[in-house]
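To start, the structure under review is shown below, and the notes come after it.
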Amino acid sequence: MPTREPARPHGRPAGRPGGRPGGRTAGRAHGRHSPARIPARRGPGDVLAGLGALVLLVALVGGVPYALLRFVGPPIDPEQFDVRTLLSQAGPSTITAVLVLLVWLAWFQLFVCVLVEVYAGVRRVGMPARVPLSGGTQALANKLVGAVLLLFTAGAMVAPFAKLAPAPVAPPVMTVAYSAPIVEKATLDTQQTKKVYVVQPPHGRHHESLWEIAEKCLGDGRRYHEIYRLNQAKEQPDGSRLRMADLIRPGWVLDMPDDARHTHTVPVGQPREQTLRDHPGRAEVSRSVEQRADRAEQKAEQKKDVERRAENRGGAKHRLPEQDRRLPEQERREQPVVREAQSGELMDYLAPASLAAAGLLFVLSRRRREQLWSRLPGRRVVRPHGDAAEAEIALRLGGDAPGARILDIGLRLLGAELAARHRTPPTVYAAHLSARTLDLWVHPPDPDPPAPWTAQDGGQVWRLPAHEGRLLEDQPGGAPYPGLVSIGVNAGGRVLVDLEAAQGLINVRGPQTTAALAAIAVELATNRWSDRMRVTLVGFGEELTAIAPDRIRAVGGLAAVLPELEAAAAPREQVLTGRVTGSPREAHYLLSAVAPTHEEARRLALLARRDTAGYVVAGDIPHATWTLEITDDGKARIAELGFEVEAQLLPRRHYRALVELFRTAGRMEGEPIPEPEPLVGLHPPAVEIRLLGPVEVRGLRPLEEGRLALAAEMLVYLATHPGGVHPVVLGGVLWPRGVQDLVRDATIARVAEWLGPDHLLTDEAGRLRLGPEVRTDWMLFRELVRRARGDAMARPVLLEKALGLVRGPLLAGRPPGRYAWLAAEDLEYDVAAGVADAAHQLCELRLAQDRPDAAVAAVRQALLLAADDEGLWRDLLRATHATQDGVRLRAVVEGLTRRAASHPYGGALAPETEALIEELLPTWRIHVVRESSA
């Protein structure tokens with residue numbers, strides 16, 4: 001029957017080399033059966049076999065005793081087995097009775113074997129117990145139960161928490177145990193040695209991928225996922241871990257399946273560092289930052305040599321662009337290993353934290369809006385650099401705003417519906433959010449949730465389908481479960497627990513305790529499914545106040561907050577009812593990286609049992625209700641809930657990057673906008689890339705719809721980096737989660753063919769750049785504005801031509817997940833500031849010429865792109881007031897206030913804007929109140 005694989009070091013698959021999935025191996029030639037691999041996915045044959053086995057099992061387990069009782073009788077007939085009858089009247093009836101008894105005994109033996117096999121399969125206890133004298137019978141039960149359970153592996157053979165998973169998850173690889181001695185011998189063999197492969201250093205531009213390794217060592221590149229599963233999240237010699245199948249690094253030691261070739265065989269317990277020393281490959285692979293830096297310096301020296309040779313030849317066309325000499329980081333990006341070390345590690349933790357990323361982006365956008373309130377003409381919003389910029393890229397790639405919205409609105413709707421029925425919201429222990437559903441694990445089970453929620457598993461799970469959640473309108477009701485917070489992901493989606501549901505202390509322990517607490521703090525402080533909240537951090541996180549100063553506070557020890565917490569405690573039912581009926585208390589969560597004293601632990605435990613709050617405390621706490629254990633390999637476990645996930649962590653470097661990102665967003669002074677390089681002429685280009693609105697590429701033949709988005713993004717990046725871009729850097733930008741070299745090079749070749757030979761050039765350093773006949777509308781915009789500054793007579797006309805290029809928001813309609821690299825570039829900031837400044841200048845000129853309608857038109861054109869710039873709205877108010885049309889002015893004010901009230905990043909107007917409205921339309925507040933009442 002299917003059983004859980006016996007424990008094996010490093011997760012090696014069971015079975016012998018050369019075995020076929022679902023079949024038998026060479027052991028058969030010796031009259032012995034080896035474990036056979038069951039495919040991870042069920043095919044039609046598996047389903048039919050399972051249904052047949054189910055029918056046969058029902059017939060044997062239920063049909064046989066029914067037939068015996070109906071037509072023959074019970075196992076023992078007292079009359080037939082009377083001693084005197086046996087001695088005096090033994091005959092055919094006695095023989096029949098003995099045979100009936102034997103049939104009953106055979107059935108009972110089969111029944112016991114089925115019970116043993118079902119127990120082992122459902123409970124995943126490994127090898128089933130051996131039933132005495134039942135070799136053949138147990139083997140039959142093994143096969144029948146195994147085929148039946150294969151139909152239900154997604155639901156019957158997973159941890160209890162997997163009930164929350166909304167989508168089927170590929171079951172783990174299992175083995176069929178034909179005979180215990182063979183399995184035990186195979187397990188013994190796997191505990192002695194294993195096969196490994198050392199990832200080789202790059203050969204020119206070529207870097208190894210899991211696909212190529214699978215093709216070389218397993219004979220089929222499609223088996224790369226087997227290597228990925230064997231090595232996922234395991235620490236490598238350089239300290240990093242495999243988290244995405246597309247990103248592997250030279251010098252990693254990969255565990256391989258048993259049938260792999262061209263590998264090394266090493267002891268199972270041998271450290272990877274020792275394996276790398278024993279089998280370095282073609283060349284010793286660097287394992288330290290210092291060695292990677294040495295290679296970067298060598299590359300820089302090679303670049304200087306190329307520059308000197310070009311200058312000696314006197315050929316300007318061979319010189320490297322001046323821009324690249326000013327940007328040493330560009331050279332560092334040309335080193336694939338260094339590039340991964342800089343941004344890949346930030347991506348590993350920040351991008352997968354999808355709900356936290358969505359919350360952080362929401363708060364960050366609100367800060368940027370406040371920066372725009374204070375922006376002065378000629379200056380742009382201060383943008384992040386270094387790790388802070390890479391952190392924002394990771395947030396943009398990973399942020400799940402739709403999922404956060406479903407969680408927020410779905411929970412508020414649930415609370416409002418329960419309040420309307422005068423029902424107290426149930427306790428929600430955990431939640432599971434996937435692309436298909438939002439599941440809540442409730443207690444006590446309740447089969448009657450309000451629509452559109454539905455009950456699953458007898459009311460233990462309340463489910464909201466994602467397609468229903470996307471159609472929900474914003475809810476005015478309170479947030480019933482603000483303490484829901486992600487602790488990690490499993491194969492089906494994101495797992496959250498409610499810190500309040502423990503109704504006691506939550507003990508967090510492990511080697512990355514502070515990283516886990518920091519991740520919890522950041523998500524709590526920025527989530528959208530809460531209203532009033534206070535997060536108290538003990539012994540860490542003082543810098544996190546830069547992210548959410550209104551929610552986070554940091555103290556040095558528990559003694560400073562215990563009296564306050566004890567005085568403010570409130571019972572759970574009262575708090576939940578208040579949240580959904582409109583009188584909520586402030587939600588409070590305590591996260592302590594400092595282990596409490598015995599007395600502090602006792603007081604906290606008593607407090608947590610009678611208070612509706614969340615208490616997460618590090619250290620070894622004897623009074624804890626739940627224990628969140630963070631393992632060495634990055635897993636998060638809560639044994640009391642019975643699940644294990646990939647932990648959501650915020651290590652120190654990522655923590656500092658986020659803090660710096662938000663500190664940058666708090667700088668209101670702005671920075672100067674750099675002067676553009678002048679264009680040679682204003683003649684129409686052969687190819688125009690339009691950025692000031694929906695992205696368009698003009699002057700080329702149509703490209704297939706499925707390839708246009710990627711090709712357009714490549715052209716936009718190249719066009720905004722006129723100094724040239726190395727293909728490796730371009731690959732990292734367009735495929736931030738990694739890509740095979742063959743795919744990258746094929747895409748570049750296809751775009752080069754689309755552009756034509758004169759429009760995509762390569763310099764001596766291997767950089768790609770666009771030819772002089774390729775131009776963006778943003779380049780033309782800046783040239784027109786530059787010329788307007790030097791020609792007072794033609795200034796209005798030139799500014800009007802520049803603003804006429806604006807068609808909408810920058811790169812409007814770009815696909816989700818694309819253009820995340822903009823976070824680390826000047827483009828977004830320069831475009832918004834440049835368009836707003838041009839409109840402001842033209843508005844002032846037209847008002848001076850007593851042409852207020854033209855001034856209004858200029859500002860409205862700029863608002864298509866820079867709608868969050870409050871300076872433009874003030875220009876629009878002044879220009880509209882100059883038309884002396886009171887109705888028109890009132891319409892602008894009403895539209896502006898409605899926009900501010902419904903703005904996704906905050907519902908307020910800048911103080912300067914409110915003051916101007918008061919000056920121009922003193923009665924505006926009365927009209928706004930009347931409109932809202934109506």
Is [Y] paired with [X] through a side-chain N to carboxylate O contact shorter than 4.0 Å?
X    : Y    : answer
E586 : R534 : yes
R656 : D387 : no
D826 : R383 : yes
R814 : E828 : yes
R509 : D620 : yes
D474 : R412 : no
R405 : D408 : no
E370 : R667 : no

Tell me the closest heavy-atom pair linking [X] and [Y], and the distance in Å.
X    : Y    : result
A521 : I552 : O-CD1, 4.4 Å
L364 : A665 : CD1-CB, 3.7 Å
L397 : G817 : CD2-O, 3.4 Å
P482 : A479 : CD-O, 3.6 Å
S486 : L355 : OG-CD1, 3.6 Å
W453 : L411 : CZ2-N, 4.4 Å

Problem set entry | side-chain contact (heavy atoms from CB on, under 4.5 Å) between R470 and I406, intermediate numbers included | CA-CA 6 Å; R470 285 190 287 269; I406 289 174; 3.9 Å; yes

Heavy atoms, side chains only, cut-off 4.5 Å: are [X] and [Y] in contact?
X    : Y    : result
T514 : Y655 : no
V485 : N527 : no
L413 : L472 : yes
I547 : L661 : no
L604 : L590 : yes
W462 : L414 : yes
M533 : L524 : yes
V616 : L499 : yes

Problem set entry | Pair R229-D255, salt bridge (Lys or Arg N to Asp or Glu O under 4.0 Å): steps then yes or no | CA-CA 10 Å; R229 285 198 298 266; D255 294 343; over 6 Å; no

Exercise. Do we get R367 above F662's six-membered ring, with its NZ or CZ under 6.0 Å from the centre and within 45° of the axis?
Worked result: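 No.
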
Donor-acceptor check, side chain of [X] to backbone of [Y], threshold 3.5 angstrom: yes or no?
X    : Y    : answer
Y349 : P651 : no
Q371 : T664 : yes
Q236 : V253 : yes
E629 : A636 : no
E713 : Y819 : yes

Exercise. side-chain contact (heavy atoms from CB on, under 4.5 Å) between L360 and V522: does it pass, once the steps are laid out?
Worked result: CA-CA 8 Å; L360 287 163; V522 165; 3.6 Å; yes

Between atom [atom1] of [X] and atom [atom2] of [Y], what is the distance when rounded to the nearest 0.5 Å?
X    : Y    : atom1 : atom2 : value
R396 : L361 : CZ    : CG    : 7.5 Å
Y615 : E500 : OH    : CD    : 10.0 Å
L537 : L591 : CG    : CG    : 5.5 Å
K635 : N490 : NZ    : CG    : 11.5 Å
S434 : D439 : OG    : CG    : 7.0 Å
Q460 : W441 : CD    : CH2   : 6.0 Å

For this session: Go through the structure and list residues passing ring-ring contact (aromatic ring centres under 6.0 Å, His included) with H588, not counting sequence neighbours.
Result: none

Problem set entry | Partners passing ring-ring contact (aromatic ring centres under 6.0 Å, His included) against H443 (at least two apart in sequence or in another chain) | Y429

For this session: May I ask you to check whether over 12 heavy atoms, not counting those of E640, lie within 6.0 Å of atom CD?
Result: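 More than 12 heavy atoms, drawn from other residues, nucleotides or ligands, come within 6.0 Å of this atom.
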
For this session: Give the C-alpha distance, both sets of side-chain angles, the deciding distance and a yes or no for salt bridge (Lys or Arg N to Asp or Glu O under 4.0 Å) between R494 and E523.
Result: CA-CA 13 Å; R494 179 154 299 278; E523 186 170 309; 5.2 Å; no

Is a side-chain donor-acceptor pair under 3.5 Å present for [Y] with [X]?
X    : Y    : value
H903 : D868 : yes
Q232 : R241 : no
S530 : R551 : yes
R553 : T536 : yes

For this session: Output, in order, the C-alpha distance, side-chain angles, deciding distance and verdict of side-chain contact (heavy atoms from CB on, under 4.5 Å) for T747 and L710.
Result: CA-CA 9 Å; T747 303; L710 179 61; 3.7 Å; yes

Exercise. Is the ring centre of Y717 less than 6.0 Å from the ring centre of W821?
Worked result: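 They qualify: ring centres under 6.0 Å apart.
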
For this session: Let me see the working for R368 and E392 under salt bridge (Lys or Arg N to Asp or Glu O under 4.0 Å), right down to the final yes or no.
Result: CA-CA 13 Å; R368 295 262 169 82; E392 186 174 349; 2.9 Å; yes

Problem set entry | Working for side-chain contact (heavy atoms from CB on, under 4.5 Å), residues L544 and V535 | CA-CA 11 Å; L544 290 179; V535 183; over 6 Å; no

